[in-house]
Enquirer: 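If you scroll down you'll find the structure; I have some questions about it.
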Amino acid sequence: MGEQRDTGGPPAHRGRLHRLARKAARPMLAALCGGLPVLIFPTPGWWWFAYVCLVPLLLVLRAAPTPRRAAWLGWWGGIGFLIGVMSWLIPSLGPAIVVLAAFLGVLWAPWGWLVQRLLHGTPDAGRALAAVVLVPTGWLLTETVRSWQYLGGPWGLLGASQYQQHFALRLASVGGVWLDSLLIVAVNTAIVVLLVVWGRSAVAWLTLLGLAAGTVAASVWAPVPHATGRTAAIGVVQPGIGVANDAVSDRTVKGEQLTATLAAGHPDLVLWGESSVSFDLDARPDLAARLARLSAATGTDLLVNVDAIRPGKGGIYKSSVLVGPQGLTGQRYDKIRLVPFGEYIPLRPVLGWVADLSKAAAVDRRRGSGPVVMTVPTRDGGSLRVGPLICFESAFPDMSRALARDGAQVILVQSATPTFQDTWAPEQHASLAALRAAETGRPVVQATLTGVSVAYDASGRQVGQSLGKDASAATTYTVPLVTGSTLYDRWGNWVPAGSALVLLLSGAAWAVTVRRGRPRS
């Protein structure tokens with residue numbers, strides 16, 4: 001009597017650990033599901049997976065007990081997504097990438113709230129219709145805000161994964177990469193609706209049919225630029241700095257050696273990669289003269305890239321500099337949009353500590369004042385107007401559009417990714433050139449220090465063979481020149497603007513409905 005029996009229950013601390021594990025399971029699941037889209041980008045390149053990659057995360061969010069809990073899980077999903085698509089930054093940021101992802105992941109919290117409100121339980125036709133409209137536009141608004149250059153820029157946009165698909169490139173010519181992202185999220189949302197109602201949703205089926213019909217219509221009827229009959233031959237130099245078996249350490253010298261091999265191909269311009277010259281050419285007239293002699297010997301201008309302190313300016317600039325047979329032509333473009341943490345630290349007084357934990361920029365580089373279109377003489381006695389972008393800038397659809405509208409016939413990208421050579425970043429960065437070509441209806445040629453160098457014609461189709469990460473070589477890409485403009489050239493970012501308007505009007509209508517539905521006292 002009075003003797004306590006052992007019920008086999010766990011100790012108190014073990015019970016607390018069990019409860020903690022259960023509490024953390026769903027956020028961890030949301031983060032894991034949020035990271036799945038990394039598989040749709042190069043190098044895995046599972047482009048088809050894009051149309052179901054958000055389904056697991058959507059199911060986790062709709063199963064949240066409350067909208068507030070869904071917002072919390074949406075934040076975790078955003079963290080997982082950002083760590084996945086920005087994993088190439090880990091060599092530079094180290095553990096700080098978790099802090100960065102946690103900061104930016106907050107943008108996904110309202111989207112998580114929205115998903116739960118529209119998809120919880122068994123959605124009727126009204127909620128299903130609202131979901132297939134508002135969930136994609138909500139995601140797109142999140143993508144748009146995150147794409148602000150001071151928040152990291154538009155890296156890892158879902159639509160960019162479709163760079164090899166003809167239908168997606170045609171959609172990009174209409175609404176930019178944003179229209180491809182909208183399509184992807186709409187398909188994922190419709191699939192979730194079908195899953196939760198066991199396939200019995202006319203709204204979801206009609207949505208999928210409507211998306212397919214709209215995609216076909218855009219592929220067939222969207223205007224395309226017209227060929228002029230002229231071509232431009234762009235020589236690309238890739239020194240291969242960072243390749244283990246390359247004995248040449250001076251990238252400028254290696255660039256000169258490779259450029260000399262292009263003379264027989266008679267290019268209209270020779271393009272070097274980012275940071276291919278480490279000295280300001282105004283301060284090094286001997287180097288400028290050496291490059292001028294190389295230009296004369298090859299019979300073409302050189303577009304090199306200078307990463308150096310500029311005398312009189314008191315700072316480091318990254319600049320595209322055109323050199324001709326007579327020396328510096330005076331045509332220069334200074335990089336406008338810098339890589340956060342790689343080339344500057346945002347809010348350095350607050351976030352400067354990141355440099356102590358990572359390889360983030362010790363000194364902030366300076367920004368240029370605006371885009372520049374350069375005029376290059378060609379071998380046939382004519383001229384070619386080219387618009388340079390430097391590395392990270394090719395991720396921004398509006399920058400290539402601005403160059404096309406300013407008259408650029410070819411868009412040139414100078415890049416360098418040796419820091420991220422062992423990641424998926426070089427392949428993913430090269431793929432962006434296809435989207436920029438399709439959006440603007442202008443050929444895009446990219447030259448890098450260590451790969452991947454590549455060229456695309458005005459419709460986004462690859463021209464010739466790319467130079468991979470193991471190549472130290474030079475090649476000439478001949479791209480057809482075109483005239484005319486795409487709908488994206490004319491209308492710009494109408495898809496993000498329209499999405500914001502749809503969400504604003506829907507929010508206003510919901511607020512009015514809630515207000516009218518409140519019982520009077």
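Note that the structure is predicted; figures quoted are calculated from it, not measured.
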Enquirer: Heavy atoms, side chains only, cut-off 4.5 Å: are Arg146 and Thr144 in contact?
Expert: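 Contact flag for Arg146/Thr144 side chains = no.
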Enquirer: Under a 3.5 Å distance rule, please check whether Glu274 uses its side chain to pair with a backbone N or O of Ser415 as donor and acceptor.
Expert: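 Such a contact is absent between Glu274 side chain and Ser415 backbone.
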Enquirer: Under the side chain to side chain donor-acceptor pair (under 3.5 Å) criterion, do Gln149 and Arg367 qualify, and how do the steps go?
Expert: CA-CA 12 Å; Gln149 59 173 312; Arg367 302 177 189 275; 3.3 Å; yes
Enquirer: Quick check: do Val177 and Tyr163 have side-chain heavy atoms less than 4.5 Å from each other?
Expert: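 With C-beta onward as the side chain, the pair stays apart.
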Enquirer: Minimum heavy-atom separation for Ala190 and Leu208, please, with both atom names.
Expert: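 The answer is CB-CD2, 3.7 Å.
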Enquirer: Evaluate the side-chain proximity of Trp139 to Leu158: yes if any heavy-atom separation is below 4.5 Å, no if none is.
Expert: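 Yes; the side chains approach each other to less than 4.5 Å.
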Enquirer: Hey, mind stepping through Leu467 and Val452 against side chain to side chain contact (heavy atoms under 4.5 Å, CB included) and telling me if it holds?
Expert: CA-CA 6 Å; Leu467 299 179; Val452 176; over 6 Å; no
Enquirer: Distance from Ile390 atom CD1 to Tyr333 atom OH, nearest 0.5 Å?
Expert: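 Spacing of CD1 (Ile390) from OH (Tyr333) equals 5.5 Å.
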Enquirer: When you compare the side chains of Thr450 and Gln421, does any donor N or O come within less than 3.5 Å of an acceptor on the partner?
Expert: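 The answer is yes; a qualifying pair exists.
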Enquirer: For Trp48, I'd like to know if atom CH2 has over 12 heavy atoms of other residues, nucleotides or ligands within 6.0 Å.
Expert: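 Yes, the 6.0 Å shell around CH2 holds more than 12 heavy atoms from other groups.
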Enquirer: Determine whether a donor-acceptor pair (N or O, by modelled atom type, separation under 3.5 Å) exists between the side chain of Glu143 and the backbone of Ser181.
Expert: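 No.
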Enquirer: Does the Lys NZ or Arg CZ of Arg337 fall within the cation-pi geometry relative to Phe392 - under 6.0 Å from the ring centre and within 45° of the axis?
Expert: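 No, cation not above the ring by the 6.0 Å, 45° rule.
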Enquirer: Looking at CG of Leu501 and OG1 of Thr137, how far apart are the two atoms once the value is rounded to the nearest 0.5 Å?
Expert: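 So the gap between those two atoms works out to 10.5 Å.
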Enquirer: Kindly say whether Tyr317 contributes a backbone atom to a donor-acceptor pair with the side chain of Asp334 at under 3.5 angstrom?
Expert: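 Checking the backbone N and O of Tyr317 against the side chain of Asp334, no donor-acceptor pair under 3.5 Å is found.
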Enquirer: Is a side-chain N or O of Trp494 found less than 3.5 angstrom from the main chain of Val174, in a donor-acceptor match?
Expert: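 Checked: pair present.
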Enquirer: Verify the distance criterion only: is there a donor paired with an acceptor across the side chains of Gln116 and Thr66 at less than 3.5 Å?
Expert: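 Thr66 and Gln116 do not have a side-chain donor-acceptor pair below 3.5 Å.
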Enquirer: Backbone N or O of Cys391 within a donor-acceptor pair of the His429 side chain at under 3.5 Å?
Expert: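 Yes; at least one donor-acceptor contact below 3.5 Å.
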Enquirer: Closest heavy-atom contact between Ala172 and Tyr488?
Expert: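 In this case the closest contact between Ala172 and Tyr488 is O-CB, 3.8 Å.
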Enquirer: How many angstroms lie between OG in Ser147 and CG in Asp398, if you round to the nearest 0.5 Å?
Expert: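 So the gap between those two atoms works out to 9.5 Å.
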Enquirer: For Ala455 and Tyr477, which heavy atoms make the closest approach, and how far apart are they?
Expert: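 Looking at all heavy atoms of both residues, the closest pair is CB-CG, 3.5 Å.
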Enquirer: So, Gln162 and Tyr51: side-chain donor and acceptor under 3.5 Å apart, yes or no?
Expert: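 Looking only at side-chain atoms, Tyr51 and Gln162 do form a donor-acceptor pair, the distance falling under 3.5 Å.
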Enquirer: Using 0.5 Å steps for rounding, measure from the CG atom of Leu82 to the CZ atom of Phe103.
Expert: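 Reported to 0.5 Å precision, the distance equals 11.0 Å.
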Enquirer: For residues Asp489 and Ala404, report the shortest heavy-atom separation together with the two atoms involved.
Expert: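 That would be OD1-CB, 4.0 Å.
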Enquirer: Is it true that atom CZ of Arg68 has more than 12 heavy atoms of other residues, nucleotides or ligands lying nearer than 6.0 Å?
Expert: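 Count not over threshold, so no.
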Enquirer: Measure the shortest side-chain to side-chain distance between Arg117 and Trp510 over non-hydrogen atoms and say whether it is less than 4.5 angstrom.
Expert: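 Yes; the side chains approach each other to less than 4.5 Å.
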Enquirer: Between the side chain of Arg62 and the main-chain N/O of Val115, is any donor-acceptor distance below 3.5 Å?
Expert: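 No: the side chain of Arg62 does not pair with the backbone of Val115.
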Enquirer: Dump the intermediate steps for side chain to side chain contact (heavy atoms under 4.5 Å, CB included) on Val386 and Gln409, then the final yes or no.
Expert: CA-CA 6 Å; Val386 299; Gln409 296 169 284; over 6 Å; no
Enquirer: Is it true that a side-chain atom of Arg385 and a backbone atom of Asp406 form a donor plus acceptor pair closer than 3.5 Å?
Expert: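 Flag set: sc Arg385 to bb Asp406 pair under 3.5 Å.
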Enquirer: Nearest 0.5 Å, please: how far is CG in Leu403 from OG1 in Thr440?
Expert: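 CG of Leu403 is found 9.0 Å from OG1 of Thr440.
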Enquirer: Could you give me the CA-CA distance, side-chain angles and deciding distance for Leu36 and Leu57, then say whether side chain to side chain contact (heavy atoms under 4.5 Å, CB included) is met?
Expert: CA-CA 9 Å; Leu36 290 177; Leu57 179 59; over 6 Å; no
Enquirer: How close do Ala50 and Ile184 get, heavy atom to heavy atom, and via which atoms?
Expert: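 Here Ala50 and Ile184 meet closest at O-CG2, 3.2 Å.
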Enquirer: Is it the case that more than 12 heavy atoms not belonging to Phe49 sit under 6.0 Å from its CZ atom?
Expert: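 Yes.
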Enquirer: Can you give me the closest heavy-atom contact between Ala131 and Leu119, atom names plus distance?
Expert: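 Heavy atoms only, the tightest pair is CB-CD2, 3.6 Å.
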Enquirer: Using a strict cut-off of less than 4.0 Å between a Lys/Arg side-chain nitrogen and an Asp/Glu carboxylate oxygen, indicate whether Arg401 and Glu439 qualify as a salt bridge.
Expert: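 Looking at Arg401 and Glu439, the cut-off is not met.
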Enquirer: Any non-hydrogen side-chain atom of Thr122 less than 4.5 Å from a side-chain atom of Val196?
Expert: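 In short, these two side chains do not touch, never coming nearer than 4.5 Å.
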Enquirer: Could you walk me through whether Tyr456 and Arg436 pass the side chain to side chain contact (heavy atoms under 4.5 Å, CB included) check?
Expert: CA-CA 9 Å; Tyr456 294 94; Arg436 304 294 86 86; over 6 Å; no
Enquirer: Does any N or O in the side chain of Ser320 come within less than 3.5 Å of the main-chain N or O of Asn305, such that one atom is a donor and the other an acceptor?
Expert: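 Between the backbone of Asn305 and the side chain of Ser320 there is no qualifying donor-acceptor contact (under 3.5 Å).
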Enquirer: Does a side-chain heavy-atom distance below 4.5 Å link Trp155 with Leu432?
Expert: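 Sidechains of Leu432 and Trp155: in contact.
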Enquirer: To the nearest 0.5 Å, how far apart are CG in Leu211 and CG in Leu183?
Expert: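 Going from CG on Leu211 over to CG on Leu183, the span is 5.5 Å.
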Enquirer: Is Val145 close to Leu151 at the side-chain level, that is, under 4.5 Å between some pair of heavy atoms?
Expert: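 Sidechains of Val145 and Leu151: in contact.
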Enquirer: Donor-acceptor pair, Asp307 side chain versus Lys318 backbone, under 3.5 Å?
Expert: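 A pair under 3.5 Å: no.
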Enquirer: Between Asp180 (side chain) and Leu435 (backbone), is there a donor-acceptor pair under 3.5 Å?
Expert: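 Pair absent, no side-chain N/O of Asp180 close to backbone of Leu435.
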Enquirer: Looking at side-chain heavy atoms only, is the closest gap between Phe81 and Trp108 below 4.5 Å?
Expert: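 A side-chain contact exists here, since the closest heavy-atom pair is under 4.5 Å.
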